[in-house]
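Residue numbers begin at 1 in each chain, while the letters A, B, ... track the order of the sequences. Since we're looking at a predicted model, the values are computed, not measured.
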Protein chains: 2
Amino acid sequence: MAHYPFRRLQSDLADLIASLPPESKLPSEPALAHQLRVSRATLREAMRSFEGQGLIRRRQGVGTFVVGQVPVIDSGLELLESIEKLAQRIGLAVSVGELQIEELSAGEDCATALGISVGLQLTRISRVIYTDSHPVAYLVDTLPGDVLSVDELHDNFSGSVLDLLLRRGTPSLAYSRTDIKAIGASPEVARKLQVQRDDVLLHFVASLYTTSGRVVDYSFSYFLHGYFRFHVVRRVG
Amino acid sequence: MAHYPFRRLQSDLADLIASLPPESKLPSEPALAHQLRVSRATLREAMRSFEGQGLIRRRQGVGTFVVGQVPVIDSGLELLESIEKLAQRIGLAVSVGELQIEELSAGEDCATALGISVGLQLTRISRVIYTDSHPVAYLVDTLPGDVLSVDELHDNFSGSVLDLLLRRGTPSLAYSRTDIKAIGASPEVARKLQVQRDDVLLHFVASLYTTSGRVVDYSFSYFLHGYFRFHVVRRVG
DNA sequence: CAGTGGTCTAGACCACACG
DNA sequence: GTGTGGTCTAGACCACTGA
């Protein structure tokens, strides 16, 4: 009972995408809509699904492209490691861009998360991780100003706050408590990761603890579908 | 620079939702679109965002409602526990519906995951978990027919395959390897969870191992935003 | 500049829930 | 039946990219 063009369209579009070589460009939306005999709005609804599955990639002003197989960063969550370290292990080159380092005053959320008073000075580092010029993750770390200063960052930052703290050796880090969520991309995050608003992202909210129990880093991470495979081993109670 | 009505609309809608008591009904979409001076399509785009954040809930043929605070099931991922056990611990009543028990032959994916041959008989249990008559999770477990038969299920099933196997005591279970993803809801999953197509869901793909290393359960789980908070403690390497 | 995807409109019809 | 949200259309204009 395919009442809706959408079902047919999904399968037509799937066939079309499968028939094209990776990296190739799809016809423009108006052309494709006419060819598949649906309105552009309906076509775009279907394309949204395929983009969410990582099969195509749309870029404003450029076109829509078939995505080939990409290297996957597979990681167990029991250990906390930087993306750089993970990528290095599987021989994948990653780069850092859209780097922003700023000072700010602690708002209520950050103050609570970091266990400090509202208004204290914080250091915030945000950046995008790329593999092969595609953005794959957007990371925002917020630390108390006395733990990491903006000045120190300008000299030493290579992409990972964790690696920087480990290299420095102090404070002594113990573990991270990480909340795991699925969210739709906010306009800001969507822009950074070059995806559409409300596209599906895996989202980690993490608090990094020292051995003395202090929280020294409150971080938000956003991961694009397809480039990462996170897993966890769960013991039977 | 609010070039688009969308930005203004987001804030107008947020104000409206915040001003209404929980559980209350919003005006119909055509009425609201006229009131906020946007087209219905644009309004629905904005509403999609808010539904993704769990602030409203749309039900076809009924209306759109403000969602109040809901009890959150908070769980560490290190231990494998059934949703029933988790809910029970925080005093939350859950129920099971849309229960389907079926036999099928192993396709390639299931055969690989379960370490068996293609074509062997499997038992599949799918069901929806509700709290307070709202669906919150959709679970699909697939097991080899010799591990769990359809007949045995009809007598003993209470909602959790894990609890059933543990109650039975055999096979002896050790751990689960769980992949964690964020996905948009497929039409089937969307229908089961009473959400829209492509709505954001947290998705677990898990293989349950016995102490002897055999995989006895390959499961897919889909979790609605807002009802669960999953976290993991990550040791610094 | 031309061509692309991104947003928006106004209107229509369909599927569903409930009285 | 009535009213709701779900889908779809045809067309328009905006913002971005790259030649």
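In this structure, of C:dA10, D:dG5, D:dT9, it is C:dA10 that holds the atom nearest to the side chain of B:Ser39. Nearest to the side chain of A:Pro30, among C:dG5, D:dC8, D:dT4, sits C:dG5. Considering only side-chain atoms of A:Gln60, the nucleotide from D:dA15, C:dA17, D:dT9 that sits closest is D:dA15. Comparing C:dG5, C:dT9, D:dG5 against the side chain of B:Thr42 picks out C:dT9 as the nearest. Out of C:dG6, D:dT17, D:dG6, the shortest distance to the side chain of A:Glu29 is found at C:dG6.
Distance, B:Arg8 CZ to C:dC8 C1': 12 Å, rounded to whole Å. The CZ atom of B:Phe65 sits 13 Å away from the P atom of C:dA17 (whole-angstrom rounding). As a whole-Å value, the separation of B:Met47 CE from D:dG5 P is 7 Å. Here C:dT7 presents its C1' atom at 14 Å from CG of A:Asp198, a figure rounded to the nearest Å.
The local environment of CG in A:Asp74 is crowded, with over 12 non-hydrogen atoms from other residues, nucleotides or ligands closer than 6.0 Å.
Among the heavy atoms of the strands lying under 4.0 Å from A:Gln196 are primed sugar atoms or P, OP1, OP2 only; no base atom is included. Across all strands, A:Arg44 comes closer than 4.0 Å to base atoms (heavy-atom distances).
Between A:Arg124 and A:Glu103, none of the side-chain N atoms (NZ, or NE/NH1/NH2) sits under 4.0 Å from a carboxylate O, so this pair counts as no salt bridge. Using a 4.0 Å cut-off between charged nitrogen and carboxylate oxygen, B:Glu81 and B:Arg89 count as a salt-bridge pair. Taking the charged nitrogens against the carboxylate oxygens, B:Glu45 and A:Arg48 do have a contact shorter than 4.0 Å, which makes a salt bridge.
Between A:Ser28 and C:dG3, a side-chain N or O to OP1/OP2 separation shorter than 4.0 Å is absent.
In this structure, B:Thr123 contributes its side chain and B:Leu148 its backbone to a donor-acceptor pair below 3.5 Å.
At a cut-off of 3.5 Å, with distance as the only test, no side-chain donor of A:Ser158 or A:Asp163 sits close to an acceptor on the other residue.
Taking the six-membered ring where the residue is Trp, the centroids of A:Phe223 and A:Phe230 are separated by under 6.0 Å.
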Report, one pair per line, the protein and nucleotides 11-13 of chain C atoms (nitrogen or oxygen only) whose separation is under 3.5 Å.
from	atom 1	to	atom 2	distance (Å)
C:dA12	N6	B:Arg40	NH1	3.3

